[in-house]
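Counting starts at 1 for both ligands and their atoms, in listed order. As a basis for the values below, the full set of heavy atoms in this structure was taken, side chains included, without hydrogen atoms, waters or symmetry mates. This structure is a prediction, so every number in the text was calculated from the model and none was measured. Throughout, numbering of the chain's residues begins at 1 and tracks the sequence.
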Amino acid sequence: MTHSDHPTPLEARASGPLGGKARVPGDKSISHRALILGALAVGKTRISGLLEGEDVLNTAKSMRALGATVERTADFAWQVQGVGVSGFAQPKAPLDFGNSGTGCRLVMGAVAGCPVAAVFDGDASLRSRPMRRVLDPLELMGAKVTAGGEGGRLPLTLQGARDPVPITYRTPVASAQIKSAVLLAGLAAPGVTTVIEQEASRDHTELMLKHFGAEIVSTPEGHYGRRIALTGQGELHGAEVVVPADPSSAAFPLVAALIVEGSDILLSDVMTNPLRTGLITTLREMGASIEETDVRTDTGEGMANLRVRASRLRGVEVPPERAPSMIDEYLVLAVAASFAEGTTIMRGLQELRVKESDRLAATADMLRANGVKVEISGDDLIVEGRGHVPGGGLVLTHMDHRIAMSALVMGLASDKPVRVDDTAFIATSFPDFIPMMRMLGAEFS
Ligand code: S3P
């Protein structure tokens with residue numbers, strides 16, 4: 001299956017100037033982590049601004065299945081009563097992570113450090129994604145795959161370690177999911193678990209572990225990397241978490257406002273952690289008008305309001321070392337590049353092949369279907385911007401929320417409408433995308 005049971009197609013067409021103020025939903029990465037750390041902590045965790053998308057709700061369900069109490073409160077916050085490090089109970093049914101690689105891989109790490117066995121499963125997209133990258137270090141720490149897992153794919157049963165072993169692990173690719181899985185398993189191991197990354201990936205796990213009371217130290221390693229050392233077997237304490245708006249979701253209205261002539265919008269409370277802002281850096285290099293106001297650091301992650309005005313964009317070269325800080329944003333950057341004047345070269349995109357879909361191929365297909373000249377050369381994507389996009393194409397979303405949203409953004413400024421075959425997966429990360437974009441002036445039908 002490459003779409004939902006009841007596909008809901010949608011068409012986006014050239015729209016008048018976008019305007020107004022919007023707050024995109026809470027950050028997906030932080031939302032998953034707040035639920036998982038809340039479940040591993042002693043005492044109560046209160047989370048405000050949690051993303052209530054399907055991916056995160058599946059993580060909430062898995063935390064309940066492992067013994068934590070997770071409830072939505074009357075004031076729209078979420079409360080987690082944790083079980084403590086190594087305190088997970090044996091789940092009675094398989095844990096279903098739906099479309100979410102992050103939820104699945106991080107919970108694998110948390111389970112690996114507890115003496116319980118859990119079945120991990122997900123939808124057709126998640127079943128096709130590689131899990132060996134996470135299972136390899138977790139097995140070094142003492143966890144075992146006891147059933148399934150053929151070719152490193154779901155469904156599989158993971159038996160957590162009774163006495164997890166601390167390791168020093170050099171991640172083979174820059175991946176916050178691999179790093180986080182090892183650190184979460186390391187919480188239950190005696191001594192120091194160390195992760196070394198050649199290129200720093202998003203550091204929300206490290207920041208939040210510190211916030212919950214863990215002993216964790218992160219130091220620079222080489223040119224772009226980090227060495228993260230976590231001392232295990234300390235207690236985590238329930239904490240207050242405020243989830244800022246997700247920069248990866250803000251990317252869609254942001255690019256829409258840049259390409260729809262005359263637009264001027266304000267996106268509030270967007271997280272500005274520098275390990276997530278590669279898209280903004282790149283768009284500014286392309287000539288985008290993105291102004292940060294009301295800059296705050298109070299959540300420990302950084303946050304600002306972004307005023308975005310329609311801009312004439314020009315092609316640029318995006319260096320490979322920037323990829324970890326914008327890994328989920330290349331689809332929508334490719335849309336911006338199509339409307340730019342000149343060639344944009346995005347280098348080092350091999351990791352895009354193992355996301356919710358093969359996003360490298362899907363991006364090229366999306367652009368070609370709408371009359372844009374594009375080429376994949378090795379791991380690089382080359383887009384020929386001509387200042388306008390003919391449009392008129394049908395885009396297959398391959399169970400991938402970000403393909404659906406990127407294609408719809410493209411249609412808001414293309415000569416002819418752009419149609420997507422299925423918008424159902426948008427609910428995994430941005431359930432209100434369509435009404436919010438309509439409120440800003442987007443025309444969908
Ligand atoms: C995420 C990490 C990224 C990203 C994903 C969220 C996370 O994956 O693509 O959407 O929250 O840790 P990788 O770290 O595996 O690249």
Side-chain angles (χ1 to χ4, degrees), residues 25-37 50-51 53-56 58-59 97-110 122 125-126 129-137 152 169 171-184 195 197-209 225-226 228 241 243-244 246-252 271 273 275-279 301 320-333 348-360 362-363 379 399-403 405-406 425-426 428-430:
D27 185 69
K28 186 149 70 73
S29 295
I30 293 185
S31 296
H32 284 297
R33 287 159 172 81
L35 290 168
I36 296 168
L37 292 196
L50 187 87
L51 164 64
E54 284 168 8
D55 279 8
V56 174
N58 281 326
T59 292
F97 292 92
N99 197 248
S100 178
T102 307
C104 179
R105 293 184 177 129
L106 266 56
V107 175
M108 281 180 172
S125 156
L126 192 56
R129 297 180 65 186
M131 294 297 152
R132 262 288 131 213
R133 50 176 53 202
V134 169
L135 297 170
D136 283 344
Y169 195 69
T171 54
V173 288
S175 162
Q177 296 178 0
I178 303 176
K179 168 177 66 180
S180 301
V182 173
L183 293 174
L184 290 171
V195 180
E197 315 187 271
Q198 204 182 328
E199 288 170 335
S201 64
R202 63 191 70 192
D203 60 357
H204 309 304
T205 302
E206 297 92 301
L207 294 173
M208 205 183 288
L209 277 168
R226 290 216 178 147
I228 302 117
V241 180
V243 186
D246 193 330
S248 299
S249 296
F252 300 104
M271 190 228 293
N273 179 323
L275 293 171
R276 295 287 299 281
T277 50
L279 176 72
E301 289 280 359
E321 63 273 11
R322 199 178 289 165
S325 68
M326 54 180 298
I327 194 67
D328 292 333
E329 278 72 77
Y330 282 100
L331 274 158
V332 80
L333 174 63
L349 305 191
Q350 57 279 2
E351 274 298 294
L352 291 196
R353 295 198 169 95
V354 290
K355 294 295 175 188
E356 285 83 329
S357 66
D358 176 347
R359 283 189 180 154
L360 196 50
T363 307
D379 295 327
M399 305 180 79
D400 189 329
H401 53 138
R402 297 197 209 279
I403 296 179
M405 291 186 276
S406 300
F425 287 91
I426 293 176
T428 60
S429 69
F430 197 162

Exactly one candidate in Asp246, Asp328, Asp27 meets salt bridge (charged side-chain N to carboxylate O under 4.0 Å, His left out) with Arg202; the answer is Asp328
Those protein residues which place at least one heavy atom below 4.0 Å from ligand 1:
Ser29, Arg33, Thr102, Ser175, Ala176, Gln177, Arg202, Ile327, Asp328, Lys355
Would you mind checking if Arg133 and Glu351 are paired as a salt bridge, meaning a charged N to carboxylate O distance below 4.0 Å?
yes
Taking salt bridge (Lys or Arg N to Asp or Glu O under 4.0 Å) as the test, write out the residues that go with Glu199, two or more places apart.
none
List in chain and number order the residues that pass salt bridge (Lys or Arg N to Asp or Glu O under 4.0 Å) with Arg132, two or more places apart in sequence or in another chain; answer none if no residue qualifies.
Asp136, Glu139
Is a donor from one side chain sitting under 3.5 angstrom from an acceptor on the other, for Thr102 and Gln177?
yes
side-chain hydrogen bond (donor to acceptor under 3.5 Å, both in side chains) partners for Glu206, two or more places apart:
Lys179
